[in-house]
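Report on the structure given below.
Each ligand, and each atom within it, is numbered from 1 in the order the structure gives. Model, not experiment: these values are computed from the prediction.
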Amino acid sequence: MNNLKTWVKESNNIVIFTGAGISTESGIPDFRSPGGIWSKMQPIMFQDFMSSEESQIESWKRKFVIDQDMKIAKPNIGHKVIAELYSANKVSYVLTQNIDNLHHDSGIAPDKIIELHGNSTYAKCLDCKKRYELDYIKMFLEHKINNYTQPPKCLDCNGIIKSATISFGQPMPEKEMKIAEEASINCDLFIAIGSSLKVYPAAGLPILAKNNGAKLVILNREPTELDSIANEVINKEIGETLEHLLT
Ligand code: NAD
Ligand code: ZN
């Protein structure tokens, strides 16, 4: 921890990389902790979503359940400390696997937040990319004539509408990955926060940073896959650990 504090003081080219763990203190469960989303249901693969209307309907149903937590969530102390480091011009980019919009809500400029797995607060047509608000999708599915029998289709091109997140099996967003890779190569300190570092290609970014000369710090309450290559591993709670950076 002392190392992290010193390195943060010294650097003005930090990349912050966050996973679901940073948002648990805001009341959004992560994927892999006991009681997390995956202990309750398997993810729907992109290929299944594309090939079956039933999967699309199931996926919307799940989304509206998860949304109940996400809608009311507010940035916690961890998000706020990162926003302060950003305001102090120390952070070049926040790369996030999260889809909950909480880094935006904490006041960081949108062009400095790279959402590797998309954003769950709206939906998009997979063909023409037209944006749809979730209230519209919910109204469509819950309409008494439909009652969750037909998934929504694009009003312009009849394409499949999907939440603007990246599912397992779905290609990563190219532009975001490119910016994330460049930021990882160019930073001098890469801090991975609240990620089990199991989901690739996102988990390749800390490796890229380390291989290009950055110091790598991993903050997570339990061991991760990449601890052996980190310069410092902090197995503590995120909020209280980050709070100390400002004192
Ligand atoms: P993960 O669930 O695999 O790992 C989260 C890690 O954070 C775990 O190792 C856990 O021990 C740790 N953790 C949880 N709360 C913590 C705390 N308060 N202090 C310290 N450590 C804590 O998450 P991941 O690596 O981000 O991968 C899961 C995928 O699921 C991501 O791709 C993401 O897109 C998606 N997801 C996003 C959200 C969100 O947007 N908030 C929530 C769930 C899942
Ligand atoms: Zn369309």
For ligand 1, which is the ligand I care about here, please tell me if [X] has any N or O atom under 3.5 Å from one of the ligand's N or O atoms.
X	value
Val199	no
Pro29	no
Met70	no

Going by the order shown, which atoms of ligand 1 are within less than 4.0 Å of some heavy atom of [X]?
X	result
Lys236	19 (N), 20 (C)
Gly19	26 (O)
Glu222	8 (C), 9 (O), 11 (O)
His117	31 (C), 32 (O), 33 (C), 34 (O)
Ile28	41 (N)
Glu25	17 (C), 18 (N)

Just verifying a value: how many Å separate Asn119 CG and Ile113 CD1, rounded to the nearest 0.5 Å?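 One gets 9.5 Å once the value is rounded to the nearest 0.5 Å.
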inquiry  = To the closest 0.5 Å, what do you measure between CG (Leu242) and NE2 (His79)?
reply    =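 With rounding to 0.5 Å, CG (Leu242) is 10.0 Å from NE2 (His79).
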Practice item. Give a yes or no on this: more than 12 heavy atoms of other residues, nucleotides or ligands lie within 6.0 Å of atom CD of Glu54. Key: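 No - once you tally the heavy atoms of other residues, nucleotides and ligands closer than 6.0 Å, there are 12 at most.
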Please classify the [X] to ligand 1 contact at 4.0 Å (heavy-atom distances, strictly less than): side chain, backbone, both or neither.
X	result
Thr24	side chain
Glu237	both
Lys198	neither

message: If the condition is ring-ring contact (aromatic ring centres under 6.0 Å, His included), which residues does Tyr132 pass it with, not counting sequence neighbours?
response: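 With sequence neighbours excluded, Tyr132 shows a ring-ring contact (aromatic ring centres under 6.0 Å, His included) to Tyr136, given in chain and number order.
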Atom 5 (C) of ligand 1: of Gly194, Gly118, Ser23, Ser26, the nearest heavy atom sits on Gly194
**Prompt:** For atom 3 (O) of ligand 1, which candidate among Ala203, Pro43, Ala20, Ser196 provides the closest heavy atom?
**Reply:**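 Nearest heavy atom to atom 3 (O) of ligand 1 lies in Ser196.
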Determine, for Tyr86 and Lys112, whether the Lys NZ or Arg CZ falls below 6.0 Å from the six-membered ring centre while staying within 45 degrees of the axis.
no
If we ignore hydrogens and angles and just use 3.5 Å, is the side chain of [X] paired with the main-chain N or O of [Y] as donor and acceptor?
X	Y	answer
Ser51	Gln47	yes
Asn220	Ser195	yes
Glu25	Gly239	yes

For this session: Would you mind checking if Glu174 and Lys178 are paired as a salt bridge, meaning a charged N to carboxylate O distance below 4.0 Å?
Result: no
Exercise. Does the pair Glu84/Lys80 count as a salt bridge with the N-to-O cut at 4.0 Å?
Worked result: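 The answer is no: the pair does not qualify as a salt bridge.
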Do [X] and [Y] have side-chain heavy atoms sitting under 4.5 Å apart?
X	Y	answer
Ile99	Glu115	no
Cys187	Ile14	no
Lys153	Glu53	yes

Protein-derived N, O or S atoms sitting under 2.8 Å away from the Zn ion (ligand 2) total 4
